[in-house]
Enquirer: 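Have a look at this one.
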Number of protein chains: 2
Amino acid sequence: MNSSILTIGHLARQTGTKVETIRFYEKNGLLPEPSRTEGNYRAYEPDHLNRLSFIRRARDLGFSLDQIRALLALSDNRGQSCAAVDAIASEHRAEVEKKITDLMALKAELDRMIDQCGCGVVADCRIIETLSPLPSRT
Amino acid sequence: MNSSILTIGHLARQTGTKVETIRFYEKNGLLPEPSRTEGNYRAYEPDHLNRLSFIRRARDLGFSLDQIRALLALSDNRGQSCAAVDAIASEHRAEVEKKITDLMALKAELDRMIDQCGCGVVADCRIIETLSPLPSRT
DNA sequence: CGTGACCCTATAGCGAATACAGGGTCAATG
DNA sequence: CATTGACCCTGTATTCGCTATAGGGTCACG
């Protein structure tokens, strides 16, 4: 009837999402259940497309599905204070910062370990030695 | 009999590993099955402790269990060239570097998004707007 | 009518653990 | 000798965010 009704495949192509992922979002309460066609196909409306785009964008920014659920709920209450939104985003940013710090420390350790490797035999390998609890058993 | 025989709990405490995790490593072929006591308790020997310490150290450095399996196999063949060890470590370092790069780009985006937030109402929220596919529907 | 592209549900798998249910063992105490 | 409580056992389910099957049904085109 309506030319703006979309199948799940259309929605997938338009948002760069796999069909299975869309069904997964529905099952997990991120995307509302659409109505169905006679043949039991999901029939999506433009709102679904908007919502899915929102989800994908937030996922690309690394938000968890829980956080996205919260962001979606907030964005549906447009008169509320935006502080809660800011809190979620800032919390996420802090997590990202922590991950970066941790990974940089990790990389420094890996650098140290790898740079010591003279690439002889395993028995003399500094990498294995670094990992081993005792000086290499002879 | 032997004072150096350890229960799984001892092994756990000495390596900072959970008991369940040790059993998980055994089931997944990282830690060899120890012999059992009469009461069917696992009876670990010092070699197990060394091996588990190795695994934990490698995990702390972010190696995957697959990579650790390979490193353990290499460290058991002490006459082999150490190049394979270096390859695994370097591959891992490259992955870590990529993660850092990706997360820093992500953080930059989050920074941009969050700094725009005037913390008014959701309807005017720049964060929600950034995530939304269209300029906020009025 | 047949083909192929698409859709449906339900279930299992990934990595790396963690948690739990429902029991058995063991050493020490009363 | 019985009981307590700490420890151990197996087996299964859960986490996160998907992805991948299996085994079908629907639909438009030729």
Side-chain angles (χ1 to χ4, degrees), chain A residues 1 3 5-31 33-44 48 52 54-72 88 91-92 95-96 99 102 106, chain B residues 1 3 5-31 33-44 48 52 54-72 88 91-92 95-96 99 102 106:
Chain A
M1 318 269 171
S3 66
I5 294 301
L6 301 159
T7 67
I8 197 168
H10 289 127
L11 210 61
R13 274 186 293 277
Q14 293 202 26
T15 59
T17 313
K18 299 216 168 175
V19 166
E20 295 91 340
T21 305
I22 298 175
R23 288 195 281 248
F24 168 81
Y25 288 156
E26 178 182 319
K27 200 167 55 183
N28 287 276
L30 284 135
L31 212 48
E33 293 185 28
S35 54
R36 299 289 182 121
T37 65
E38 277 183 27
N40 199 31
Y41 285 18
R42 286 171 180 80
Y44 291 102
H48 288 103
L52 181 53
F54 185 105
I55 295 168
R56 296 305 292 178
R57 235 166 275 214
R59 284 296 299 139
D60 285 346
L61 289 168
F63 287 97
S64 71
L65 297 190
D66 268 356
Q67 289 171 325
I68 295 172
R69 246 184 297 266
L71 288 173
L72 283 168
I88 292 170
E91 181 201 37
H92 176 50
E95 286 162 12
V96 171
K99 267 189 205 162
D102 290 353
L106 191 58
Chain B
M1 319 268 173
S3 67
I5 293 301
L6 301 158
T7 66
I8 198 169
H10 289 127
L11 210 62
R13 274 186 294 278
Q14 292 202 28
T15 59
T17 313
K18 300 216 167 172
V19 166
E20 295 91 339
T21 305
I22 297 175
R23 289 196 280 249
F24 167 80
Y25 288 156
E26 178 183 318
K27 200 168 54 184
N28 287 275
L30 283 134
L31 212 48
E33 293 186 26
S35 54
R36 299 290 181 120
T37 66
E38 277 183 26
N40 199 32
Y41 283 19
R42 285 172 181 80
Y44 290 101
H48 288 102
L52 180 54
F54 185 105
I55 294 169
R56 295 306 292 179
R57 234 166 277 212
R59 283 297 297 139
D60 284 347
L61 289 169
F63 287 97
S64 72
L65 297 190
D66 269 356
Q67 289 171 325
I68 295 172
R69 246 184 297 267
L71 288 173
L72 283 167
I88 291 171
E91 179 201 39
H92 176 49
E95 285 162 14
V96 171
K99 268 189 204 162
D102 290 352
L106 190 58

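Heavy atoms only: backbone and side chains are in, while hydrogens, waters and symmetry mates are out. In what follows, every chain begins at residue 1, and chains take the letters A, B, ... in the order their sequences are listed.
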Enquirer: Please tell me if A:Thr7 has a side-chain N or O lying less than 4.0 Å from either OP1 or OP2 of C:dC7.
Expert: yes
Enquirer: Which residue, A:Thr37 or A:Tyr25, contacts DNA chain D at a nucleotide closer to its 5' end, judged by nearest heavy atom?
Expert: A:Tyr25
Enquirer: Of the non-hydrogen atoms in A:Ile55 and A:Ile68, which two are nearest, and what is the gap between them?
Expert: O-CD1, 3.9 Å
Enquirer: Checking contacts here: which listed nucleotide (C:dA16, D:dC18, C:dC7) is nearest the side-chain heavy atoms of A:Arg56?
Expert: D:dC18
Enquirer: Backbone N or O of A:Asn28 within a donor-acceptor pair of the A:Arg69 side chain at under 3.5 Å?
Expert: yes
Enquirer: Choosing from D:dC18, C:dC7, C:dC26, which nucleotide comes nearest the side chain of B:Tyr41?
Expert: C:dC26
Enquirer: Name the closest nucleotide to the A:Arg42 side chain, picking from C:dA17, D:dC18, C:dC8.
Expert: C:dC8
Enquirer: Looking at every strand, decide which applies to B:Arg23 at a 4.0 Å heavy-atom threshold: base, sugar-phosphate, or nothing.
Expert: base
Enquirer: Report the nucleotide, chosen from C:dT18, D:dA20, C:dC7, that has the shortest atom-to-atom distance to any side-chain atom of A:Lys18.
Expert: D:dA20
Enquirer: What's the closest nucleotide to the side chain of B:Glu20 if the choices are C:dA17, D:dC7, C:dT18?
Expert: C:dT18
Enquirer: Does A:His92 use its side chain to pair, donor to acceptor, with the backbone of A:Leu61 at less than 3.5 Å?
Expert: yes
Enquirer: Taking the side chain as every heavy atom from C-beta outward, state whether A:Leu65 and A:Tyr25 have any atom pair closer than 4.5 Å.
Expert: yes
